[in-house]
K.L.:
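Quick one: the structure is below, and I'll ask about it shortly.
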Amino acid sequence: MANKVRTRFAPSPTGYMHIGNLRTALYAWLLARKNGGEFVLRIEDTDQERYVEGAVELIYKTLADTGLTHDEGPDIGGDYGSYIQSQRRNIYAKYAKDLVERGGAYYCFCDKERLDQLRAVQEASKVPPKYDGHCSRLSAEEVEAKLAAGVPYVIRQKIPREGTTSFHDEVFGDITVDNATLDDNVLLKSDGLPTYNFANVVDDHLMHITHVIRGSEYLSSTPKYNLLYQAFGWALPVYIHVSPVMKEAGRKLSKREGDASYEDFIGKGYLKDAIINYIALLGWSPGLEQDIFTLDELAALFDISGISKSPAIFDINKLNWMNGEYIRKLSLDEFTAMAMPYYREAVKREVNYNALSALLHDRTEKFSDIPEAVDFIDALPEYDNELYVNKKMKTTAESSKSALEAVLPVMERIGEWDQAQLHDALSALIEQMGVKNGQILFPLRVAMSGKKFTPGGGVELAALLGKDESIKRLKKAIQKLS
RNA sequence: GGCCCAUUGGUCAAGCGGUCAAGACGUCGGCCUCUCACGCCGGAAACAUGGGUUCGAUUCCCAUAUGGGUCACCA
């Protein structure tokens with residue numbers, strides 16, 4: 001390949017990173033890295049009304065966090081800046097006028113009233129709304145006169161009235177549409193800024209983008225972009241359109257429900273690597289029987305042919321599992337560091353956090369599960385004696401009571417209160433009594449926690465709680481069973 | 001509604017004319033075990049429907065159904 005692969009991620013600064021958008025960025029990044037090419041970041045802020053404070057910073061932060069590093073962009077520069085569209089307005093105006101001269105566009109002076117009226121009539125007669133080409137029929141003199149008189153204008157694309165336009169997409173194949181179905185869209189708005197339809201073509205060309213990766217919602221306007229490239233006499237990029245990520249059949253992931261953005265997931269205790277790994281496989285498959293991949297592995301494996309055409313439903317179950325896989329790969333220290341905010345949220349008592357982490361490490365799917373799992377540490381919850389009844393352990397309220405009564409003096413005698421001592425002492429007791437482990441240890445676990453399920457068993461919980469608290473809970477349990 | 005596109009288990013998906021139709025998540029059963037989880041073993045579960053083409057269709061073509069996208073001075 002003579003030309004270096006150059007891809008771009010061109011988000012508009014909306015204030016949050018939609019997971020589908022992030023996936024598009026990931027694919028663009030992967031394609032560039034796979035081919036030793038370049039990945040550029042461009043901010044599409046031509047809609048001034050949608051400007052959101054801090055949104056651009058969020059984009060930088062997300063890309064940096066996830067490791068999708070860009071080679072060119074507003075914050076680091078590059079040979080084809082500016083990388084912020086609102087700062088390129090002169091460029092678009094120049095090209096728009098150039099296009100008018102080439103016959104690919106025309107000035108339009110229609111005001112909002114006329115446009116609204118036109119649309120109303122079309123809707124009433126059940127005709128698809130479309131600009132009627134009114135201003136395309138203006139003579140050069142009329143245009144000059146209006147321009148001179150300072151009448152506000154936009155520049156519209158001039159679509160051939162007949163014929164068809166075709167393009168090739170790497171995932172969807174060849175697509176052909178009738179030009180008659182295409183509208184003379186606005187290219188340059190009356191505020192002098194371009195619409196997306198125009199800016200993306202001009203910028204992709206000027207920035208030497210070779211592969212355009214974007215959502216399939218742009219599929220239907222791609223013929224218009226092709227017409228633009230043709231009118232300018234520019235080379236076409238390779239098109240790669242990807243289908244959307246759905247929440248469930250018929251429903252998109254939504255911002256409102258707080259389940260759509262990267263920040264939402266991070267906030268819920270998901271690991272960035274797990275998120276990236278999961279979304280990489282949502283709509284793309286390397287065709288291997290492996291599902292855990294590092295970014296580097298993905299970059300080596302990525303191939304357009306693995307992108308699927310149909311929309312993919314986001315499966316939170318699978319993300320949970322994958323997040324658990326990543327959590328288990330953390331070292332105990334890393335786990336503790338990441339879990340700390342959640343520990344502090346739920347545990348005020350003094351405990352050995354490393355010991356706690358050892359219990360939680362294999363049992364945590366996402367960090368936000370931690371508070372609920374450790375809520376018994378600060379305060380023994382109210383519980384029912386029914387908890388002591390367990391068929392598999394062959395325990396009853398009565399057997400539990402005598403078990404705990406036997407445990408009490410043993411525990412009181414333990415000097416060095418740690419897991420090993422507790423284990424040895426209780427094992428000795430069990431052997432001496434000639435019963436199964438569960439007969440003693442299961443009731444102890446319930447007495448320590450008051451919960452049906454806990455991270456770790458009786459010995460571990462007692463070690464964690466400390467001698468005083470353990471004895472206190474033990475006595476309380478015996479009393480409760482009496 | 002017009003136009004464009006898609007359709008393999010509940011979900012992600014492999015498959016690219018001949019397979020007992022992979023794998024993963026989830027689910028179910030079992031083992032391990034001081035509960036739960038982790039781990040391990042095993043099970044159930046799919047080619048939307050109807051026509052063609054072909055010796056042979058999940059794979060190719062056409063309908064139907066369902067789903068997605070798009071029809072802005074938003075991107």
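Side-chain atoms are counted along with the backbone in the values below, which use heavy atoms only and exclude waters and symmetry mates.
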K.L.:
Using purine N1 to pyrimidine N3 plus N6-O4 or O6-N4 for Watson-Crick, or N1-O2 and O6-N3 for G-U wobble, both under 3.5 Å, which nucleotide pairs with A46(B)?
P.N.:
none
K.L.:
At less than 4.0 Å, is any side-chain N or O atom of N317(A) found next to OP1 or OP2 of G26(B)? Yes or no.
P.N.:
no
K.L.:
Apply ring pair (Phe, Tyr, Trp, His ring centres under 6.0 Å) to the pair Y27(A) and F9(A), showing each step before the final yes or no.
P.N.:
CA-CA 9 Å; Y27(A) 289 176; F9(A) 176 48; over 10 Å; no
K.L.:
Inspect the contact between D369(A) and R363(A) and indicate whether a charged nitrogen and a carboxylate oxygen are less than 4.0 angstrom apart.
P.N.:
no
K.L.:
Quick one: look up who U58(B) pairs with, Watson-Crick or G-U, both distances under 3.5 Å, and put none if it's unpaired.
P.N.:
none
K.L.:
Tell me which nucleotide, if any, is Watson-Crick or G-U wobble paired with U66(B) when both distances must be under 3.5 Å.
P.N.:
A6(B)
K.L.:
Can you tell me if the side-chain N/O atoms of K318(A) get under 4.0 Å from OP1 or OP2 in G23(B)?
P.N.:
no
K.L.:
Check this for me: does the side-chain of S190(A) come within 3.5 Å of the base of C73(B) through a donor and an acceptor?
P.N.:
yes
K.L.:
Could you check whether any side-chain heavy atom of L99(A) comes within less than 4.5 Å of a side-chain heavy atom of Q157(A), counting everything from C-beta outward?
P.N.:
no
K.L.:
Centre-to-centre under 6.0 Å for F172(A) and H241(A), is that the case here?
P.N.:
no
K.L.:
For G67(B) and A48(B), measure between their C1' atoms and round to the nearest Å.
P.N.:
11 Å
K.L.:
For atom P, what is the distance between A6(B) and A63(B), given to the nearest Å?
P.N.:
13 Å
K.L.:
Rounded to whole angstrom, note down the C1' distance from U58(B) over to U7(B).
P.N.:
12 Å
K.L.:
Considering just the side-chain nitrogens and oxygens of K130(A), establish if one lies under 4.0 Å of OP1 or OP2 belonging to G2(B).
P.N.:
no
K.L.:
For the side chain to side chain donor-acceptor pair (under 3.5 Å) test, which of R156(A), K130(A), K224(A) pairs with N185(A)?
P.N.:
K224(A)
K.L.:
Of Y278(A), F367(A), F265(A), which meets ring-ring contact (aromatic ring centres under 6.0 Å, His included) against Y270(A)?
P.N.:
F265(A)
K.L.:
Once you apply the 3.5 Å cut-off to both distances, tell me the Watson-Crick or G-U wobble partner of C16(B), or none.
P.N.:
none
K.L.:
Rounding to an integer number of angstrom, what distance separates A57(B) and U19(B) when you compare their P atoms?
P.N.:
11 Å
K.L.:
Is the distance from OP1 or OP2 of A75(B) to the nearest side-chain N or O of T46(A) less than 4.0 Å?
P.N.:
yes
K.L.:
For atom P, what is the distance between G9(B) and A14(B), given to the nearest Å?
P.N.:
13 Å
K.L.:
Reading nucleotides 36-41 of chain B 5' to 3', which nucleotides get B (base under 4.0 Å from a protein heavy atom), which S (sugar-phosphate only), which -?
P.N.:
BBSS--
K.L.:
If only side-chain N and O atoms count, and only distance matters, is there a donor-acceptor pair under 3.5 Å linking D203(A) with Q85(A)?
P.N.:
yes
K.L.:
What's the gap between A46(B) and G10(B) when it is taken at their P atoms, as a whole Å value?
P.N.:
8 Å
K.L.:
Which nucleotide, if any, forms a Watson-Crick or G-U wobble pair with C32(B), using both distances under 3.5 Å?
P.N.:
none
K.L.:
Who does C38(B) pair with, Watson-Crick or G-U, both distances under 3.5 Å?
P.N.:
none
